[in-house]
There are 2 protein chains.
Amino acid sequence: MLSDVMEDYLKAIYYLERDEGAPIGTSRLAEYLDVTAPTVTSMVDSLEERGLVDREKYKGVELTADGETVAVEVVRHHRLLEAYLTEHLDYDWSEVHDEADALEHHISEEFERRVANALGDPEVDPHGDPIPSPDLTPPDEGTGTRLDEHGENERLKVERVSDRDADELAYLQDAGVVPGTVLEITDVAPFGMVTVDVDGDEQSLPESVARSIRVSVATDSDESVVEEA
Amino acid sequence: MLSDVMEDYLKAIYYLERDEGAPIGTSRLAEYLDVTAPTVTSMVDSLEERGLVDREKYKGVELTADGETVAVEVVRHHRLLEAYLTEHLDYDWSEVHDEADALEHHISEEFERRVANALGDPEVDPHGDPIPSPDLTPPDEGTGTRLDEHGENERLKVERVSDRDADELAYLQDAGVVPGTVLEITDVAPFGMVTVDVDGDEQSLPESVARSIRVSVATDSDESVVEEA
DNA sequence: ACTTATGTTTAGATGTGTCTAATCCTTGGT
DNA sequence: ACCAAGGATTAGACACATCTAAACATAAGT
């Protein structure tokens, strides 16, 4: 059996590989997980002994196929839980992340199946992130492009919003920026500050926030859908 | 913060006090939790330092008011989860115990509230055990009497069935012995074997099983209710 | 009251996950 | 090609939860 902590390391490496590419340095992982660098060194050592990561000393770490499978399973649990909490327990999408983090390590296969079934096997969670299939094939995490990579006057549809920061999510929800929203960039200021038009409302987003929103170019069928709360 | 393990010790002491009376001996607790006696000694020591149990060396241990409150909270989580899994995720009552054991330490106050709300604040779980109220007042765990304490020809209503053994529960469910069932004792054989009549079917229950079923004397309004699967 | 059986605690070790302090690589600048 | 700066690893320690083996206390039986 794998500990909660080890699963957290694998999930962290999975996300960092996705967002920043492999290999992941010790101090980056330490910062992400809020532990010290020596702790990461020794933990990564154990993960390597179990064949879950490949590691080159002084270089960094990356997931093996086995490690990725474990990470994908944890991610599946996380995203199913987020979807379930939102759909069936009336949670707000900005509140579900921490609850899912706590529960994701402790649900059985049976629970996973029943939750997926109750939801009708959805393909994405409330933040727009893809829910891995039960066979644990790594999903395509690359949909869309980062909002901060776009320029003025582009009309874009929000595909995904990172689920990691509850405050940020509450703000975005209030601003009407949720998966499915169509917006138009009206201004890109210094330091990456992006101003967007959402259904007539102007919203200014700092670069750090813009980086966590993934968008696609809006097509004609993506008519500026008014969100009903 | 209290560890999962400490919560498990408190819950175990709570149940053992209920069923066997305080104080609880080291080896009884060790057997119940499937650890060795020295492990219990040292753990009980830590619990005492935190003011959660009272302990007298070589005598045994019992919960303080604080310790009981923690235990009752864990029990509330457990029984709410059992009810929720049965009610909303279509689990069978014989399957929910292990799942609830795994999740009970990891749900937030918010989750607890929402689950209770979704269930309409029930008073008992699917096994007939009382669900503690949110203020964590210890519930009355003494409803009913043990089936093995009754004699031939008594007509009894099943109040509660212990949730600890999944095989036993599956057997009882198959036999139609669930909370609410009205049965009549037709025979009490040596070694405590109890034979009961459930809706015309004769069922023989070993003493260990009879001990885990709590019953009350059936009244006229408890008409032999046919269970619909 | 003595002795023995049973149950409890102490002593000492192990594995996991974490830390700080110290040492050791690697790499970029000159 | 050197050296300084920054990152990474080693060394050593600690808290937690567990174990086995040994010592100890209590209670029960003669």
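Numbered from 1 within each chain, the chains take letters A, B, ... in sequence-line order.
- By the salt bridge (Lys or Arg N to Asp or Glu O under 4.0 Å) test, Glu112(A) pairs with Arg76(A), sequence neighbours left out.
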With a cut-off of 3.5 Å and sequence neighbours excluded, list every side-chain donor-acceptor pair involving residues 46-53 of chain A.
| unit_1 | atom_1 | unit_2 | atom_2 | d |
| --- | --- | --- | --- | --- |
| Ser46(A) | OG | Ser42(A) | O | 3.2 |
| Glu48(A) | OE2 | Arg55(A) | N | 3.4 |

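- Partners of Arg146(A) under the side-chain contact (heavy atoms from CB on, under 4.5 Å) rule, at least two apart in sequence or in another chain, are Asp148(A), Glu149(A), Arg211(A), Arg214(A).
- The terminal axes of the helix from dA1(C)-dT30(D) to dT30(C)-dA1(D), fitted over 5 pairs per end, subtend an angle of 10° to the nearest 10°.
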- Query: Reading nucleotides 7-20 of chain C from the 5' end, what letters show protein touch, with B for base, S for backbone sugar-phosphate only, - for no heavy atom under 4.0 Å?
  - Reply: SSBB------SBBB

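- Annotation: salt bridge (Lys or Arg N to Asp or Glu O under 4.0 Å) contacts of Glu95(A) (sequence neighbours excluded): Arg114(B).
- Contact annotation: the side chain of His88(A) approaches that of Leu119(A) to within less than 4.5 Å [non-hydrogen atoms, C-beta and beyond].
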- Which nucleotides of nucleotides 1-6 of chain D have their base under 4.0 Å from a protein heavy atom (B), which only their sugar-phosphate (S), and which neither (-), written as one string 5' to 3'? ------

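- Under the salt bridge (Lys or Arg N to Asp or Glu O under 4.0 Å) criterion, Arg164(B) pairs with no residue at all, not counting sequence neighbours.
- With sequence neighbours excluded, the residues that form a salt bridge (Lys or Arg N to Asp or Glu O under 4.0 Å) with Glu20(A) are Arg28(A).
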Using atom types as modelled, flag every donor-acceptor pair under 3.5 Å from a side chain in residues 126-133 of chain A to any protein atom, sequence neighbours excluded.
| unit_1 | atom_1 | unit_2 | atom_2 | d |
| --- | --- | --- | --- | --- |
| His127(A) | ND1 | Glu82(A) | OE1 | 2.8 |
| His127(A) | NE2 | Trp93(A) | O | 3.0 |
| Asp129(A) | OD1 | Arg160(A) | NE | 2.9 |
| Asp129(A) | OD1 | Arg160(A) | NH2 | 2.8 |
| Ser133(A) | OG | Asp135(A) | OD1 | 2.5 |

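- Annotation: salt bridge (charged side-chain N to carboxylate O under 4.0 Å, His left out) contacts involving residues 32-43 of chain A, sequence neighbours excluded, are absent.
- Judged as a side chain to side chain donor-acceptor pair (under 3.5 Å), and not counting sequence neighbours, Glu17(B) has no contacts.
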